[in-house]
Amino acid sequence: MIICNTTGGFGNHLLCVALAIIISDKYNIKIKIIGNGNGLNDFSKDTRNTIFKIINKNIITNENHNHNNITINNKTEYYEALNNYNYNFNYIINCIHINELNIYKDNIYTINNNILINKTFDYDYENTITISLRLGCKGEVVYPSPFADEESVRLPFNYFSQGINTIKKNNPNINTILICCDNFEDEFIKQFEIYKKSGFNIIFNKKDTYHQFCDIINSKYFITSLSTFSLW
C-alpha cells in the first residue's frame, strides 16, 4: 500500500498524492490518504475534502495493511520505491517538495487520468484574466502560513499589475479580472480595486477550493503566485 501523509493545503496534498498515483498505476496498488494529526489536517476542512473530490475513487482505500513501513522523504527514496516496489511493505510518502518537476511532468498522462476536473469555465474565456493569490488563511485551513503575516514573502503587487498589463496589451478586449484567493479579508486584495477605474470588472471568486482550482486550470490567461496550489 502507498500511504500519503499529507500536510499543509490542497496544493501540497496533491503533490504528495500525485507521487502515489504514479506508483499506484505502475504496480496496480491502492492509495490511502492520512494526515499527521495536527490542526492542519482535519478532514472536515475544505482543502482536505478537495483531495478526495479530485482523485479517482477506484484507487483509494481505507484499509490497513499489517506490513512494515518504509518512509519516503526525498527523491532518492521515491525513485527506489518506484523502481523496486516491494508488496510486503507499506510506503509512506510524506508531503515532500521534490525539487525535480520532471517526476511529475514525465508522468502527467498518468496523473491526468486519475484526477477529476470539471472542464467548464464559468466566465468569459477569451476576455478574463485569472489570478491566484495564496495569502494564507487567518483561520482554519493552513494557518500558520508563511503567507499570512510576513509581507516580505509575498510577490509584490506590481508583479500582478505587470502581468495584467502584458496580457491586456496582447488582447485589448480583456475586461475581467477573476481573483481566486484563500483569504478575501486580506488587505492585499484591495489593491486590485484600482483596475475598476480602467473599466475592468473585478470578480472575487469565493468558490470552494475545488471549484477555484477548476477555474484556474480552465483559464486561458492565468497569473500565478508563490504556492503549490498555483503551481498545479
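All values reported here derive from a predicted model rather than from experimental measurement.
Interatomic distance, L19 CG to Y91 OH, rounded to the nearest 0.5 Å: 14.5 Å. Expressed to the nearest 0.5 Å, how far CZ of F184 lies from CG of L133 amounts to 8.0 Å. The line from CD1 of I2 to CD1 of I29 is 4.0 Å long, rounded to the nearest 0.5 Å. Within the model, atoms CD1 of I115 and CG of N56 stand 11.0 Å from one another, a figure rounded to the nearest 0.5 Å. Summarising the geometry, atom CD1 belonging to I3 is positioned 5.5 Å from atom CD1 belonging to I34; distances are rounded to the nearest 0.5 Å. Atom NZ of K53 is separated from atom CD1 of I55 by 13.5 Å, given to the nearest 0.5 angstrom.
Considering T120, N205, T130 in turn, N205 is the only one that fulfils the side-chain hydrogen bond (donor to acceptor under 3.5 Å, both in side chains) rule with D215.
Put simply, the side chain of K30 gets close to the backbone of N58: a donor and an acceptor are under 3.5 Å apart. Side chain of T176 to backbone of I202: no donor-acceptor contact under 3.5 angstrom is found. The backbone N or O of H211 sits nowhere less than 3.5 Å from a side-chain atom of N118 that would complete a donor-acceptor pair. Between the side chain of S24 and the main chain of A20, no donor-acceptor pair closer than 3.5 Å is present. With K220 contributing its side chain and N127 its backbone, the two residues share no donor-acceptor pair below 3.5 Å. Remark: the backbone N or O of H65 is paired with a side-chain donor or acceptor of N90 at under 3.5 angstrom. A donor-acceptor pair is defined here as one N or O able to donate and one able to accept, closer than 3.5 Å; no such pair exists between the side chain of Y221 and the backbone of I164. In terms of modelled atom types and a separation under 3.5 Å, the side chain of N69 and the main chain of I92 share no donor-acceptor contact. A donor-acceptor contact shorter than 3.5 Å links the side chain of Q191 to the backbone of F188. Within the 3.5 Å criterion, the main-chain N or O of S161 finds no donor-acceptor partner in the side chain of N158.
Two residues are said to be in side-chain contact when any heavy atoms from C-beta on lie closer than 4.5 Å; I223 and I129 meet this criterion. Using a 4.5 Å heavy-atom threshold, the side chains of I21 and I31 count as touching. Using a 4.5 Å heavy-atom threshold, the side chains of L101 and L231 count as touching. Proximity of Y79 to I103: side-chain heavy atoms (C-beta onward) are separated by under 4.5 Å at one or more points. Side-chain contact between N173 and E126: absent, with no pair of heavy atoms (C-beta onward) separated by less than 4.5 Å. Between Y159 and S225, every side-chain heavy-atom pair lies at or beyond the 4.5 Å cut-off. Between I179 and F192, the closest side-chain pair of non-hydrogen atoms falls below 4.5 Å. Contact annotation: the side chain of D122 approaches that of K207 to within less than 4.5 Å [non-hydrogen atoms, C-beta and beyond].
Under a hydrophobic clustering in which Ile, Leu, Val, Met, Phe, Trp and Tyr are joined whenever their side-chain heavy atoms come within less than 4.5 Å, directly or via other members, I51 and L116 fall into different clusters. No chain of hydrophobic side-chain contacts below 4.5 Å, direct or via other Ile, Leu, Val, Met, Phe, Trp or Tyr residues, connects I117 to Y109. Using a 4.5 Å cut-off between side-chain heavy atoms of Ile, Leu, Val, Met, Phe, Trp and Tyr, with links allowed through other members, L14 and I59 fall into the same hydrophobic cluster. By the criterion of side-chain heavy atoms lying less than 4.5 angstrom apart, applied directly or through intervening Ile, Leu, Val, Met, Phe, Trp or Tyr residues, F121 is not grouped with I217; the two fall into different hydrophobic clusters. If you chain together hydrophobic residues whose side chains sit under 4.5 Å apart, Y123 and Y195 never meet in one group.
Counting non-hydrogen atoms of neighbouring residues, nucleotides and ligands closer than 6.0 angstrom, the CD1 atom of I108 exceeds 12 such neighbours. For N62, the CG atom counts as loosely surrounded, since its 6.0 Å shell holds 12 or fewer non-hydrogen atoms of other residues, nucleotides or ligands. The number of heavy-atom neighbours closer than 6.0 Å to NZ of K105, taken from other residues, nucleotides and ligands shown, is 12 or below. Surrounding CG of N83 are more than 12 heavy atoms belonging to other residues, nucleotides or ligands, all under 6.0 Å away.
Aromatic ring pairs are classed by plane angle as parallel below 30°, tilted from 30° to 60° and perpendicular above 60°; the pair Y87 and Y27 is perpendicular. Relative orientation of the F10 and F229 rings is perpendicular, given thresholds of 30° and 60° on the angle between their planes.
The two atoms that bring W232 and A18 nearest to each other are CH2-CB, 3.6 Å, heavy atoms only. Nearest heavy-atom pair across R134 and C181 is NH1-C, 4.0 Å. Closest approach of I177 and F200 over heavy atoms only: CG1-CD2, 3.7 Å. When all heavy atoms of Y125 and S219 are compared, the pair lying nearest together is CE1-C, 4.0 Å. Of all heavy-atom pairs spanning I22 and T110, the tightest one is CA-CG2, 4.5 Å.
In this structure, E63 does not pair ionically with K32, as no charged nitrogen and carboxylate oxygen lie closer than 4.0 Å. In summary, E193 and K196 engage in a salt bridge, as defined by a charged side-chain N under 4.0 Å from a carboxylate O.
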Might you work through the side chain to side chain contact (heavy atoms under 4.5 Å, CB included) test for T50 and F213, ending with a clear yes or no?
CA-CA 10 Å; T50 300; F213 190 66; 5.7 Å; no
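Under 3.5 Å, the side chains of D25 and N114 contain no donor-acceptor pair of N or O atoms. For N73 and N94, the side-chain atoms include at least one donor-acceptor pair closer than 3.5 Å.
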